[in-house]
Amino acid sequence: MSDEKNVNSADSADQPAEQTPVPQPAAAQLEPKDSAPVSAALSRAEEKAAKAKAKVDAKLDKIRAKEAQARAKAEAKNSAKAAKSEAKASKQQEAKEQPKPVAQPAAKDASSPAADSSSAAKPDAKKAEDQSAPKPEAAGSVSAKSPEAQEQTAAGLPAAASQDDAVAKPVAKSAEPAKDPASAKAKSLSESAIGKAPEPAADDPVTKPVAGDSAGSATKPSDAKESSARHSTVEPVAATAAASAAKGSAEAETEPKPSAESKSEDAPKAAEAEDPKAAKRRQKLEKVRARNAAKEEAAKTSAVAAPAAAAEPSAAEPADGKVSQRRLKLDKARAAASKDAASAPTRKKTGAVLLSLAAVLAAGAVVGAGSIFAPAPAEKSLPAAVTNLPAGDSSSVCSATPKLLKGVEGTDAQFAPGAKEISSNLRSVVVSDLAKRIPGSSLSKLDGSDVHELTERIDDAEATEARGADDEGLTGFISKISTLKDIDDAQVYSLQPLGELASKGSTLRSYQAKDGDLAGLAAGTCQAPASNWRFTGLQTSTGSTSVMHLSNPTHTTAQVSLRLRGPEGLIDTSTLQNIVLAAGESRAIVLGGYAQDLNSISAEVTSIGGKITASVQQAALRGLTPSGVELVGANASASNSQVIPGVWIESKENLSKLSKDNKSLVPQLHVSATGASGAGFKVKVLGEDGEVAASFEDNLAVESDATKSIDLSQLAGGYYTVVVESDAPVTAAVKMVRGSDPKDSSDTAWAASSNVLSGTQAMPLSANGTGKFAIAAVASDSEVEAVVVNKDGKLEKPKNLQIDAGQSIVFDPKSVSEDAQAVIFSTDANAYLAQLVLGSERSIAWAAMPQANAGRDGIVVNIGG
C-alpha cells in the first residue's frame with residue numbers, strides 16, 4: 001500500500017499546475033519588488049553562498065571526470081562481453097529447433113530497446129531537473145511518503161524529497177528492457193547515484209547544505225539544512241546517471257540487435273559484469289555517509305551558505321518560476337542572516353577557546369619534543385657525587401682480646417689465654433650536640449646479645465629533632481667517657497644519631513700482658529664495616545703467627561674472598577675465594593697455612609653482599625722469648641701516595657743490641673704493589689722540623705703483585721711520618737720495634753698508611769700505656785683544633801695546632817690535662833693523624849684515627865655523560 005501511495009505521489013508531481021497548490025507560508029508569499037540586497041547581512045550570505053557554490057562546482061567537476069573514466073572502462077568491457085555473448089548465442093540458436101517459452105516476453109520487449117532506454121532515461125533526467133526548484137503537490141500525499149520525503153516536502157522541495165518515489169515509476173516501466181547492457185548500466189548508475197545517495201554532513205566540502213528554502217521560516221534550521229543538502233547532492237549525480245543512460249541507449253540503437261533468445265541469456269551476464277563497480281560505489285557512498293554522520297554535530301554550530309545551484313530554474317518549472325526563484329533566494333538570505341547573528345557570540349567564544357587551546361598545544365609540543373628528542377650529553381663528565389641518606393645508628397666492630405693460637409691451622413683456629421696478668425679494656429667517648437644531649441651508645445656481641453649500655457638512649461622521636469640550645473637556652477658541648485674491662489669477645493659499638501646527623505664518638509681496644517707468649521702492648525680502633533680491606537706487613541716466618549679475623553655485623557650474608565701477595569708475587573689462595581659469612585658470624589683464618597715462612601705479606605679482603613670488618617692479630621717468639629704482639633691496622637686504599645703517621649724509631653744504641661743476634665729486629669718499611677705492572681717509588685720522611693734527610697736507593701721498585709721491605713735503621717730515634725710516592729698504586733706500612741736487651745722480651749707494632757681526617761671526630765686514649773698523637777701535613781699547611789676530654793666528661797679549652805706543609809708534630813693530651821681520657825679533633829681536610837702508645841721500655845702499640853661517622857652509607861651518583 002505504501003508503494004502505491006509513493007507512485008501516486010510521483011504521478012501527482014507530473015500533473016499540470018492546475019491542481020490545488022499546497023498553501024504557502026506567509027513568509028513565502030512575500031515577493032521582493034527589486035533585486036537590491038535587503039541588508040548587509042544578506043550580502044554577506046550571498047557572498048558565502050557564491051564561494052560555497054564555487055567549491056561545490058569544483059568538487060562536482062572532479063567527480064564527473066572520475067565517473068566518465070569509470071563509464072568508459074565499463075562500456076569497453078561490456079562491449080567485449082556482448083560480442084562474445086552474441087557469437088555464442090548465434091551458435092546455440094542454430095543448434096536449437098524451437099525457441100524457449102521464456103524467451104517470448106524478452107523478444108517482445110527487445111523489439112524496441114532504444115525506445116525503452118530512452119524512456120528510462122527521460123524520467124531520470126526529468127527528476128534531476130525537478131529537484132532544482134520547489135514544485136507544488138497534493139496535500140494528501142505528504143503522509144504517505146517516506147520520512148526523508150516528508151522532511152523535504154515540508155521544506156518546499158517536493159520533487160527532491162521523493163527521490164525513491166520519482167525513480168520507482170520509470171524503473172518499473174523499463175524493467176524488462178533493462179536486460180540489455182546499456183539499460184542495465186543506466187539502471188545501475190541511477191540506483192547507485194539517486195536511490196543510494198547518502199545524507200551528507202553540513203561541513204562536507206562536496207555537499208554543503210542549503211542555508212534556507214522557501215519554507216525556511218516554517219521549519220527548523222537543522223531540518224532545512226539536511227533536506228537542502230540531500231537536494232543539492234542528488235541533483236548532479238542524478239543528472240550524470242540520466243546522461244549515462246541516454247548515451248547507453250543511443251549506442252544500443254547503432255549496434256546490431258541480437259536475437260531475443262541471445263538477449264535473454266546475455267542480459268544477466270552484463271548485469272553481473274556491472275555489479276562489482278556499482279557495489280564498490282555503494283561502499284564508497286556508505287563510507288561517506290558514516291563520515292558525514294560523525295561530522296553532523298560540528299555542522300550544527302557553523303553557518304554555511306548554501307550553493308546557488310539548487311535555485312536554478314528547470315524546464316518543468318511553472319510560468320512563475322522566476323518569482324519562485326527570487327522568493328527562494330530571499331528566504332535563504334534571511335535564514336543565513338538570522339543564523340549569522342545568532343552564532344556571532346558563539347563564534348567569538350569558540351575563537352577564544354581555540355586560541356587558548358592552540359597555546360596549550362604549543363606548550364605541549366615543546367614538552368613533548370623535549371621528551372622525544374633527548375638533550376645532547378654533556379661534553380665533559382662531572383665527578384661522582386655522594387648523596388648522604390638520613391643518619392642511622394653508627395656501627396663499628398672492636399677486635400677481640402689477643403689470644404694464643406692453640407696448635408690448629410686453617411680456618412678453625414683454637415685460642416687460649418696467653419698470660420696470667422692481662423689487662424684488656426674498651427674505652428669509648430661520646431660527644432653531645434649543641435643542646436648538650438648525650439646520644440645513646442652501647443656494646444654488644446656480633447649477634448646482638450649481651451648488650452652493655454654505655455649511655456642512655458634518647459627517645460627516637462625526640463632524637464630526630466635538631467636542637468641548637470638546651471632548655472635554658474645555653475649552647476655548648478659535653479662528653480661522656482666509658483671504660484669497660486674483661487670483655488674479651490669481638491664487640492659491636494653502636495652510636496645513636498641526633499637531629500638526623502651522625503654523632504661524634506668512637507671506641508678503642510687496648511691490651512697489655514706482662515707475661516706469657518703474648519707479652520706486650522697492642523691497641524686497635526673499632527672500625528666501621530666496609531667491602532674492601534687491605535693489610536701490609538704481615539709475617540709468617542719462624543716464630544711468627546698471623547691470624548685474620550673476619551666479622552659480619554650486618555643483617556646480610558657476605559661472600560668473602562682473600563688474596564695474598566709475597567716477595568715473589570701472588571700466593572695461591574684458591575680455597576679462600578668463597579668464604580661465606582652469615583649475619584652475626586665471625587671466622588678466623590691462620591695465614592701461615594697458605595703462606596709459609598714469609599717475612600712480608602700483604603692481604604686484600606673483598607666482600608660481596610654484606611659489609612664486613614677485618615683485623616689481624618699477630619705475635620712473635622724468639623725461641624722461648626716473647627718478641628711482640630699487635631693488632632695490625634688496616635691500610636688506606638691503594639694509591640700513588642701513601643702517608644704513614646705515628647712512626648716511632650728506637651734509638652740506634654738499642655737497635656744495635658736487639659739486631660746483633662736477629663737481623664729482623666729493625667724498623668722496616670714494607671711496600672706492596674697491587675697491580676700487574678709493579679711500581680717504582682721513592683720515600684720521604686717528615687719530622688718536626690720538616691723533611692728529614694735520609695739516603696735511600698735511587699731506583700726503588702717493587703715487582704708486580706709483590707712486596708718489598710726497606711731498612712729504616714738510618715733514622716735517628718724519634719717520631720716521624722713516612723710518605724711513599726709511586727708511579728702506580730701501592731700500599732705501605734712500617735714495622736716498629738722496641739726493646740734494649742735481646743735476652744728480655746721485646747715488642748713490635750705496625751703503623752699503616754692512613755686516610756686524611758675530614759671534619760670532626762673524637763678518639764679515646766688507650767687505657768693501657770701512654771698515648772700521644774702524631775699529626776702530619778704533607779701537601780699544604782693545616783690547622784687542627786684539639787679539645788681534650790677529661791674523665792668526668794668535661795671539655796678543656798680548644799688548642800689550635802698549626803702544621804706546616806711537610807711537617808710532622810706530636811701532640812700529648814697530658815700536656816693539657818693530666819686527667820685526659822680522649823681528644824676531639826677538627827681539621828680542614830689536610831691533616832693525617834694516628835695514636836702512638838708507649839708502655840714500659842719494652843712495649844709499643846699503634847692505632848689509626850677513626851674516620852668521621854657516616855651513620856648510613858652514601859650513594860654514589862654519576863652526573864653527566
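The structure displayed is predicted, hence computed values, not measured ones.
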Under 3.5 Å side-chain donor-acceptor pair for [X] and [Y]:
X: R509; Y: S424; answer: yes
X: Q618; Y: S546; answer: yes
X: D828; Y: S782; answer: yes
X: S766; Y: N768; answer: no
X: H670; Y: S600; answer: yes
X: D393; Y: S395; answer: no
X: Q642; Y: T731; answer: no
X: S442; Y: S494; answer: no
X: R565; Y: T674; answer: no

Should the heavy atoms of other residues, nucleotides or ligands under 6.0 Å from [atom1] of [X] be counted, would the total exceed 12?
X: E453; atom1: CD; value: yes
X: E456; atom1: CD; value: no
X: E585; atom1: CD; value: yes

Using modelled atom types and a 3.5 Å cut-off, is there a donor and acceptor pairing between side-chain atoms of [X] and backbone atoms of [Y]?
X: N635; Y: A732; result: yes
X: D747; Y: G520; result: no
X: K611; Y: A528; result: no
X: Q617; Y: H549; result: no
X: T721; Y: L686; result: no
X: S506; Y: A762; result: yes
X: T573; Y: L562; result: yes
X: W648; Y: V837; result: no
X: T606; Y: S561; result: no
X: W533; Y: I612; result: yes

Within the 4.5 Å heavy-atom criterion, are [X] and [Y] side-chain neighbours or not?
X: F811; Y: L833; result: no
X: L591; Y: F535; result: no
X: V430; Y: L454; result: no
X: I481; Y: P764; result: no
X: E630; Y: K735; result: no
X: L669; Y: K708; result: no
X: P729; Y: N640; result: yes
X: I824; Y: T760; result: yes

What are the two closest non-hydrogen atoms of [X] and [Y], and how far apart are they?
X: W750; Y: A733; result: CE3-CB, 4.3 Å
X: V823; Y: A786; result: CG1-CB, 4.0 Å
X: L757; Y: T827; result: O-OG1, 2.6 Å
X: T613; Y: P529; result: CG2-CA, 3.7 Å
X: T748; Y: S627; result: CG2-O, 3.7 Å
X: L538; Y: A603; result: CD1-CB, 4.0 Å

Distance, nearest 0.5 Å, that separates [atom1] of [X] from [atom2] of [Y]:
X: S399; Y: D489; atom1: OG; atom2: CG; answer: 12.5 Å
X: T507; Y: N425; atom1: OG1; atom2: CG; answer: 12.5 Å
X: D488; Y: I422; atom1: CG; atom2: CD1; answer: 7.5 Å
X: C398; Y: R427; atom1: SG; atom2: CZ; answer: 14.0 Å
X: M736; Y: Q668; atom1: CE; atom2: CD; answer: 13.0 Å
X: Y594; Y: I589; atom1: OH; atom2: CD1; answer: 6.5 Å

**OP:** For Q491 and K445, run side chain to side chain contact (heavy atoms under 4.5 Å, CB included): C-alpha distance rounded to whole Å, both residues' side-chain angles, the deciding distance at 0.1 Å, then the answer.
**Re:** CA-CA 5 Å; Q491 298 289 305; K445 290 185 178 181; 4.1 Å; yes
Test log, rule side chain to side chain contact (heavy atoms under 4.5 Å, CB included), inputs I844 and L521: CA-CA 6 Å; I844 185 173; L521 183 64; 5.9 Å; no
| Step by step, would you call I571 with L598 a side chain to side chain contact (heavy atoms under 4.5 Å, CB included)? | CA-CA 11 Å; I571 300 171; L598 296 176; 3.7 Å; yes
**OP:** Kindly indicate, with the supporting measurements, whether the criterion side chain to side chain contact (heavy atoms under 4.5 Å, CB included) is fulfilled by L426 and H452.
**Re:** CA-CA 11 Å; L426 287 170; H452 300 273; over 6 Å; no
